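One structure below.
Because only heavy atoms are used, hydrogens play no part in the values below, and waters and symmetry mates are left out as well, while side chains stay in. Values in this document were obtained by computation on a predicted structure and should not be read as measured data.
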Amino acid sequence: MTQVLPLILAEGAPPPSGSPFDMFVPLILIFGLMYFLMIRPQRQKQKAVQKQISEMKTGDRAVTIGGIHGLVANIKKSTVVLKVDDGTRIEFDKSAVASITKKDKPGGDEEKAEDSPAEEEKK
């Protein structure tokens with residue numbers, strides 16, 4: 001009886017209709033959606049970083065993909081030398097640079113440290 005049941009159900013089912021192209025329409029739509037939501041923005045970001053690296057100049061601030069912050073001291077063909085601290089220079093591949101900020105303005109944009117409460121009491 002269990003062998004006959006699938007045959008009975010198969011006889012009553014209508015044959016599949018439509019073109020084979022109808023199966024691929026959802027796949028094409030999903031790929032298009034993935035392209036515009038994931039692939040295209042990543043490519044644009046990558047092009048922007050490459051443009052920043054090609055326009056990098058001595059004195060600019062750089063952050064590496066490892067999180068090291070420093071000033072660009074020297075630019076070579078495929079590497080960049082960052083001044084991390086007084087007398088400390090580290091050489092990185094240009095591909096290891098994650099972002100570049102332009103040279104600080106005279107007077108500095110640096111955040112000023114606020115006085116501690118102990119120093120305020122002395123004043």
Side-chain angles (χ1 to χ4, degrees):
M1 175 93 168
T2 58
Q3 296 174 350
V4 178
L5 186 60
L7 294 174
I8 294 171
L9 293 176
E11 288 178 17
S17 62
S19 68
F21 181 71
D22 290 342
M23 289 189 324
F24 294 109
V25 171
L27 292 174
I28 292 170
L29 291 175
I30 290 172
F31 179 75
L33 186 66
M34 285 180 55
Y35 175 79
F36 283 107
L37 291 179
M38 294 171 41
I39 298 170
R40 187 169 179 256
Q42 184 64 30
R43 283 187 181 175
Q44 288 177 339
K45 183 179 177 183
Q46 188 176 14
K47 284 181 183 179
V49 169
Q50 289 296 333
K51 183 179 177 187
Q52 282 183 338
I53 290 172
S54 66
E55 294 175 351
M56 182 172 33
K57 297 177 187 164
T58 303
D60 291 345
R61 294 196 170 276
V63 180
T64 67
I65 57 176
I68 298 174
H69 295 248
L71 286 171
V72 176
N74 191 5
I75 301 171
K76 298 179 182 178
K77 183 178 179 182
S78 63
T79 61
V80 62
V81 178
L82 294 182
K83 180 180 176 185
V84 180
D85 196 17
D86 294 331
T88 306
R89 295 173 188 259
I90 305 174
E91 187 170 355
F92 293 97
D93 284 340
K94 284 185 177 180
S95 62
V97 177
S99 66
I100 303 288
T101 55
K102 297 299 175 190
K103 191 184 300 188
D104 288 337
K105 296 177 183 176
D109 253 27
E110 302 289 323
E111 295 180 20
K112 295 180 181 178
E114 296 182 19
D115 293 335
S116 66
E119 290 179 13
E120 288 179 5
E121 291 176 9
K122 292 179 183 177
K123 291 181 181 179

Minimum heavy-atom distance [X]-[Y], with the two atoms named:
X     : Y      : result
Arg89 : Val81  : CB-CG1, 3.8 Å
His69 : Val84  : O-CG1, 4.0 Å
Val97 : Val49  : O-CG1, 4.1 Å
Glu55 : Lys102 : O-NZ, 3.7 Å
Leu71 : Gly59  : CD2-O, 3.5 Å
Val72 : Met56  : CG2-SD, 3.8 Å

Do [X] and [Y] sit in one hydrophobic cluster, given that two such residues count as connected whenever their side-chain heavy atoms are within less than 4.5 Å of each other, even indirectly?
X     : Y     : value
Ile90 : Val80 : yes
Leu29 : Phe21 : yes
Ile39 : Phe36 : yes

Sequence-distant partners of Thr58, side chain to side chain donor-acceptor pair (under 3.5 Å), two or more places apart: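 Not a single residue meets the side chain to side chain donor-acceptor pair (under 3.5 Å) criterion with Thr58.
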Could you give the distance from [atom1] ([X]) to [atom2] ([Y]), rounded to the nearest 0.5 Å?
X     : Y      : atom1 : atom2 : value
Gln52 : Thr101 : CD    : OG1   : 9.0 Å
Arg43 : Gln46  : CZ    : CD    : 8.5 Å
Thr64 : Asp93  : OG1   : CG    : 11.5 Å
Arg61 : Lys83  : CZ    : NZ    : 10.5 Å

Should side-chain heavy atoms under 4.5 Å link Ile, Leu, Val, Met, Phe, Trp and Tyr, which residues sit in the same cluster as Ile65?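 Taking Ile, Leu, Val, Met, Phe, Trp and Tyr as members, Ile65 stands alone, with no cluster partners.
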Taking the side chain as every heavy atom from C-beta outward, state whether Lys94 and Ile75 have any atom pair closer than 4.5 Å.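 With C-beta onward as the side chain, the pair touches.
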